[in-house]
Amino acid sequence: MINENELSKKTIFSFEIFPPKKNMPIDTIFNTLDQLKDLSPDFISVTFGAGGSENCENALAIAKRVKDECKVESVIHMPSINMTKADALYCLNEFKNAGIDNILALRGDRVEGKEPINDFPHASDLISFIKDFDSKRDDGKSFKIFGACYPELHPQSDSVYNDIDNLKKKVDSGASHLLSQLFFDNEKFYRFQERCQIKGINVPIEAGIMPATNKKSIERMVSITNAVLPKKFTDMMDRYQDNPEAIRDAGIAYAIDQIVDLVTHGVQGIHLYTMNNPHVARKIYEATKSLFDVPPLA
C-alpha cells in the first residue's frame, strides 16, 4: 500500500495509464509499462471506463502487473455511475483478492445511450461504501482511497463554492489523497489550493498535467473538463498544429514549464497523464527529475 508518511517527505511524481482499446491486445500496454517502470514513479494509476463492473478485468490485470512485475504501487480507478452495489462489492472483492490496495473512487462520466444506475449518485457515496467494506474485512487491511478534484470547477457544478463543499464531503467520507483534473493555467490551480485550505481540506493534492501532443485530443478533453486555455497555450497549438513533431515537442516543453513552476511553488505532487506514450513521459521525467529530489517546502 502507498505510504502517505513516506510520500510527505518528498514531492510526489506519479503516472496515469489506461487499458488499450477493445480491438487492441492487452500486451500493448505491457510494452508501455516496461518503458515506464525504470522512471520510478511513486505510483501508477490505471483507468477503466464507466460502463460498469464488466470493464474492470483488463484494468485489474494491468494494475496487478504494475505492482507485481514493475514493483510500483498501483491505483485502480473505480467509476461507479453504472455500478449497482452488487457490482461494486464484486469489484472490491476482486481488488482485495488481487492484492490491490489503492482505489481512485469516482462517480464517472455518463455513457452515451446508457441511463445511470445511480446506486452511487456521488463519489462520496462510493467512498462511504468502500469504508463500510473495509470495516467488515477479515484480513486486517483497508483500501487507501483517492479522490478526484477539479481546479477549474466540475463540469456539472454551478459554483466553485458547491464544488469545494462536495470535495470536502469526499475527504470527510474517507478520501485521503486527491488527484486533480488537467489544467493549463497554474494560477487556476493556486486559487483552487487556497479554497481547499480555507475549507479545511488538508490531504495531499497532486496537480494533474497532460502534455499537449495533439490538438484534437486536447480540444476533446477541454470540452469534457471545461479547462481554460491561456493565450500562450492556444498560440502554441495554432502555430504548430500542422506539424506533429513540432506540436509534440512544444507540448512537452509547455508541460515541463508548468511542472517547474508548480514544484517551485511547493505543490505536493505531479500526476502525469501519460496517454500511454512512454517517449513523452520519459522526456518530461528527464527534464524535471532533479526537482523532485529537492525536499518539499515546509
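This structure is a prediction, so every number in the text was calculated from the model and none was measured. Reckoned from all heavy atoms, side chains included, excluding hydrogens, waters and symmetry mates.
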Decide, yes or no, whether a salt bridge links [X] with [Y] under the criterion of side-chain N to carboxylate O below 4.0 Å.
| X | Y | result |
| --- | --- | --- |
| Lys199 | Asp165 | yes |
| Lys215 | Asp238 | yes |
| Lys232 | Asp257 | yes |
| Arg191 | Glu194 | yes |

For the hydrophobic clusters of this structure (ILVMFWY residues joined by side-chain heavy atoms under 4.5 Å, transitively), does one cluster hold both Tyr273 and Leu36? no

Hydrophobic cluster membership, with links at side-chain heavy-atom distances under 4.5 Å among I/L/V/M/F/W/Y: are Ile76 and Leu33 in one?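 Hydrophobic grouping puts Ile76 apart from Leu33.
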
Compute both the distance and the angle, then confirm whether Arg107 meets the cation-pi test with Phe120: under 6.0 Å from the six-membered ring centre, within 45 degrees of the axis. no

Within 45° of the ring axis of Phe146 and under 6.0 Å from its six-membered ring centre, is that where the NZ or CZ of Lys144 lies?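 Cation-pi check for Lys144 and Phe146: passes.
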
Name all residues meeting the salt bridge (charged side-chain N to carboxylate O under 4.0 Å, His left out) criterion together with Asp138; count only those two or more places apart in sequence or in a different chain, and write none if there are none.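 Applying salt bridge (charged side-chain N to carboxylate O under 4.0 Å, His left out) to Asp138 gives Lys96.
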
With sequence neighbours left out, the residues meeting salt bridge (charged side-chain N to carboxylate O under 4.0 Å, His left out) with Lys64 are Asp68

Throw together a table of side-chain donor-acceptor distances under 3.5 angstrom for residues 246-256, partners on residues two or more places apart or in other chains.
{"from": "Tyr254", "atom 1": "OH", "to": "Phe184", "atom 2": "O", "distance (Å)": "2.7"}

Closest heavy-atom pair and its distance - Ile127, Lys170: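 Here Ile127 and Lys170 meet closest at CD1-O, 3.8 Å.
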
Stepwise, does the salt bridge (charged side-chain N to carboxylate O under 4.0 Å, His left out) test hold for Asp139 with Arg137? CA-CA 6 Å; Asp139 58 2; Arg137 289 176 66 158; 2.8 Å; yes

Rounded to the nearest 0.5 Å, what separation is found between the CG atom of Asn82 and the CG atom of Asn118? 9.0 Å

What residues, two or more places apart in sequence or in another chain, satisfy side-chain hydrogen bond (donor to acceptor under 3.5 Å, both in side chains) together with Asp235?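 In terms of side-chain hydrogen bond (donor to acceptor under 3.5 Å, both in side chains), with neighbours along the sequence ignored, Asp235 is linked to Lys231.
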
Going by side-chain heavy atoms closer than 4.5 Å, which hydrophobic residues are tied to Leu153, directly or by a chain of links?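 Besides Leu153, the cluster holds Val160, Tyr161.
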
Would you kindly say whether Asp261 and Thr264 are connected by a side-chain donor-acceptor distance under 3.5 Å? no

Among all residues two or more places apart in sequence or in another chain, which pass the ring-ring contact (aromatic ring centres under 6.0 Å, His included) test with His279?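 With sequence neighbours excluded, His279 shows a ring-ring contact (aromatic ring centres under 6.0 Å, His included) to no residue whatsoever.
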
